[in-house]
Amino acid sequence: MAKKEEGKVIDELTSSEYKYGFVTEIESDTFAKGLSEDVIKAISAKKEEPEWLLEWRLNAYKAWKTMEEPNWAHVDYPTPDFQDISYYSAPKPKPELESLDEVDPELLDTFSRLGISLDEQKRLSGVAVAVDIVMDSVSVKTTFKDTLAKKGIIFMSISEAIKEHPELVRKHLGSVVPVKDNFYSALNSAVFTDGSFCYIPEGVLCPMELSTYFRINESGTGQFERTLVIADKGARVSYLEGCTAPQRDENQLHAAVVELIALEDAEIKYSTVQNWYPGSKEGKGGVFNFVTKRAVAEKNAKISWTQVETGSAVTWKYPSTVLKGDGAIGEFYSIAVTNNFQQADTGTKMIHLGNNTKSTIISKGISAGKSQNSYRGLVKIAPNAKNARNFSQCDSLLMGDTCGAHTFPYIEAKNSSSHIEHEATTSKISEDQLFYCNQRGIDTEKAVALIVNGFGKEVLNKLPMEFAVEAQKLLEISLEGSVG
Amino acid sequence: MSLKEKIISTYRSFEEAISSSSSINDIKDNAIKTFEEKGFPTLKDEDWKYTSLKSILKTDFCIVPSENKDIEIADIEKYFVDTDSFRAVVVDGYFSAELSTINTEKAIISSMKEAIEEKNELALKHISKIAPADNSMVALNTIGHADGIFISIPNNTILEKPIQLLHIATGISGETLVQTRNLIVVGKNCDAKIIERHQSLTENTILSNPVTEISVGENSYYYHYKIQNDVVSANLIDNTYVNQSRYSNAFVDTFSFGGNITRNNLSFFLNEENAVANLNGISLLNDSQHVDNFTFVDHRVANCDSHELYKGIYDESSKGVFTGKIFIHKDAQKTNGNQQNNNLILSENAQINTRPQLEIYADDVKANHGCTIGQLDKEALFFMRSRGIPKKEAKAMLMYAFASEALKNVKIEALTAQINKLIAAKLNVDIEFGE
């Protein structure tokens, strides 16, 4: 293929715009910028929280103040000024929402532009998805709550859960990701404003996909949400989160904590389609996505992380699984796409503690433009994890000669009955593959999309069906014009 | 006084005594600053995450050993590979002309100290230019070495005989920190083979911290074999840095069977196009031995290849560490880099930590790494036992079969035989491995 045409296609692809970059003009109640004990107390008061939670937050704040911002990741960004962020922003006024009619029409419009229906009647292609929608700091609406309640499933914003199910929240909050786990988890613990809570009772198979949609709207704010999913014995749930943010020149901070708990024989499938605003083509603005996600799998439980990462200026994220019980299974399927000036340092940790535990890691990184994409992962086999088994595969695809793809796996084995396999490859789309497609009448851009989709297929296949299509499209958009 | 403080104060006082200012002294001066700032690496250094020197550094090492003139050839004969070769012997860090066989018109094999004193152009040109000055162990060597081996192989030289480098620690000064500085400059169109061995003759704790800088010229083939089969009281931090010119092929093989803590820092800098770097290694450990292979291949220009194969077998409570980094710079297009690290864990208490890393800034490259950790195949073992092969021998054969792939670059027959013997001895079997 002519180099010229290649270049043209690259230009076209990289020039595609972020389509969720609009701002909703909605009145909101936003705290002044800055972080102090008073701000934390104010957040807690605003949310009418019990005493124990305020104390928990203040402890976290105290710990956070002694910690240093981590800088070991293969990313380069200006340290956020934590005093220049507003820690609470909520669309107002939002008292109890009884029906959809009471929702601010501006909000409804926002979400319909994002392709999300707040209306329970409007089901997409007959598939019901219960959604909890978090805008800036608070949850604005949770759909299908009643339908789920009939099965005993609790699905609501975490603020509501703190009020309605304090014993459950108190027991599990911070049990998987301790307050002092890392700099951003401590910050999140101190200032989290909302998030989703989900509890599936013993033996219940959740009848629909549960989903949280995160939207940053207000400028100058950070989003700090907290998600807690508990699957009791034998329960099963599939959970999806999606995120977008307006197009701004500033770097907004998103520091979330997600905790998953799968008790005996339970199964949690957690899928993420992360599409925060990645910044402009010149690398200006974009969201800093510093997220701590971790799961604990008890005996014979299964945790499956699936992520499609296309957004954010800087991503720092390692969804991990602690395989605590015998026979537990952990899976991690990821596609991370970086373009323009995006930087991603992402991967997973599989900590094998129980006997006969199994884990699978499939990570696909695609870098284009001037981006840097790193896989960083840990597989750790404890001395007592007999017959543990791990398979990891990290593949990287490079498009263009100004981007970078890196792999930093750590493998620690401490017994003699485990099997670990790891392989990684890095390559570019071969000219032979493109030529083959061109020759059969497929133009270069389609050919690239085809090859990229083929490259990511193992991961895309793991997404819930209705989102797989969405993700596939997202992949094409993110890479538009980056053929190398 | 900690070892670090002792080293710094000792060499600072030396420095005051020598007031002359030369480029060598400037380098030493900077090295003291670097070492003062960084000190000995700890587990907090990412590069040393899995290897702790704490247990060794408690020892009150003699840092300026006296010269031992009592060693005779008969004492050390058994540490040479039985083949016609040139020999360079260093005793406690001092080059020994009496024990060495260096008479050849084809190359210069001499004392490093003399080469510097005689202002050998090549020596001055390359010394401290290849090893990174900001590395604390290199800095320690720079300030503390008294002597070493200098080898210069002129253009168009084919050395038929290998050169054997033997570093002896005698323990005459008690527990000793032995530091030698070696420089090997290979010209254009050469072929040279080196066998290197560190051997302690004492039960005193020895910490060796040699730095070897190697420059391989255009179109040359360079083979360097490291035999590490020292006694359990010996520790080794080996630092080897290789610069490669265009169309050069460099091979460094590391065979680690003995010693207490062994760390191999091995870096290749591919400075010109079409150079090929080859790194092989076998670690065969038991008891509480610890071997850390830390390799770095720096692809600075286009069209270079690197091949890396490390095999590890860990028994009892031994610990293995492997870090392999392939760094491909922005302009290093058409690079082909591959890396394999395969490990067998034979005991519940053995451990392996491995980090195969790729850092890639160019797009038209092929880079891959593979890493496995597993056990001996039970069915293969059963097959052999059902044919009357005793368990120990059957296991040894499987282990040899597993490891021997990493012997493919050994081009000296006597050396292959020697390594096979060492493996058999290590596995405690009476089998003649090899063809």
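Order of the sequence lines fixes the chain letters, A, B, ..., with proteins taken first and strands second; residue numbering starts at 1 for each chain. Below, all heavy atoms of this structure are taken into account, side chains as well, without hydrogens, waters or symmetry copies.
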- Non-hydrogen side-chain atoms of B:Q357 and A:Y410 separated by less than 4.5 Å: yes
- Query: Within a strict 4.5 Å, meaning less than it, do heavy atoms of the A:P409 and B:C371 side chains meet?
  - Reply: no
- chain A heavy atoms under 4.5 Å from B:A362: which part of the residue, side chain, backbone, both or neither? backbone
- Query: Would one find more than 12 heavy atoms of other residues, nucleotides or ligands at under 6.0 Å from atom NZ of A:K386?
  - Reply: yes
- Item | Main-chain N/O of B:I360 paired to A:H406 side chain as donor or acceptor, under 3.5 Å | yes
- Item | Inter-residue atom distance A:I381.CD1 - B:I373.CD1, 0.5 Å rounding | 7.5 Å
- Could you tell me which portion of A:K380 (side chain, backbone, both or neither) has an atom closer than 4.5 angstrom to a non-hydrogen atom of chain B? neither
- Provide the closest heavy-atom pair for A:A424 versus B:L358 in the form atom of the first, atom of the second, distance. CB-CD1, 4.4 Å
- Query: How far does CG of B:D363 sit from NZ of A:K428, to the nearest 0.5 angstrom?
  - Reply: 5.0 Å
- Under 6.0 Å from the NZ atom of B:K426, do we count more than 12 heavy atoms belonging to anything else shown? yes
- Message: Can you tell me which portion of B:K319 sits under 4.5 Å from chain A's heavy atoms? Options are side chain, backbone, both or neither.
- Response: neither
- Message: Give me the atom names and distance for the closest heavy-atom approach of A:S418 to B:Q375.
- Response: O-NE2, 2.7 Å
- Message: Could you measure the distance from the NE2 atom of A:H422 to the OG1 atom of B:T372? Nearest 0.5 Å is fine.
- Response: 11.5 Å
- Region of B:Y50 in contact with chain A, defined by heavy-atom distances below 4.5 Å: side chain
- Item | Engaged part of A:Q372 at the chain B interface, taking heavy atoms whose separation is under 4.5 Å | side chain
- Message: Need one label for B:Q333: side chain, backbone, both or neither, based on atoms under 4.5 Å from any heavy atom in chain A.
- Response: side chain
- Closest non-hydrogen atoms of B:H369 and A:T407, given as atom of the first, atom of the second and distance, are CE1-OG1, 3.6 Å
- Part of B:E46 lying under 4.5 Å from any heavy atom of chain A: side chain
- So with a 6.0 Å cut-off around NZ of B:K311, is the heavy-atom count from everything else above 12? yes
- Message: Around atom NZ of A:K324, are there more than 12 heavy atoms from other residues, nucleotides or ligands closer than 6.0 Å?
- Response: no
- Item | Residue pair A:N415 / B:E348: nearest heavy atoms and the distance that separates them | CB-OE1, 3.6 Å
- For chain A, which of B:N368, B:I352, B:N349, B:N341 has the most heavy-atom pairs under 4.5 Å? B:I352
- Item | Between B:G370, B:G374, B:A367, the one whose heavy-atom pairs under 4.5 Å with chain A are most numerous | B:A367
- Given that the side chain runs from C-beta out, which part of B:S347 has a heavy atom under 4.5 Å from chain A: side chain, backbone, both or neither? backbone
- Note on the structure: Here the pair of heavy atoms bringing A:S416 nearest to B:L346 is CB-C, 3.9 Å
- Among B:I326, B:N353, B:V365, which has the most heavy-atom pairs under 4.5 Å with chain A? B:N353
- Query: Salt bridge between B:R355 and A:E412, side-chain N to carboxylate O under 4.0 Å?
  - Reply: no
- CD1/A:I411 to OG1/B:T354 distance, rounded to the nearest 0.5 angstrom? 5.0 Å
- Task: Enter the distance from A:T426:OG1 to B:I328:CD1 here, rounded to the nearest 0.5 Å.
- Result: 7.5 Å
- Query: Hey, which of A:R376, A:H74, A:E421 has the most heavy atom pairs under 4.5 Å with chain B?
  - Reply: A:H74
- Query: For B:K325, does the NZ atom sit with more than 12 other heavy atoms under 6.0 Å from it, leaving out its own atoms?
  - Reply: yes
- Do A:T402 and B:K330 pass the side-chain contact (heavy atoms from CB on, under 4.5 Å) test, and can you show the C-alpha distance, the side-chain angles, and the key distance before you say yes or no? CA-CA 7 Å; A:T402 48; B:K330 191 170 165 290; 4.2 Å; yes
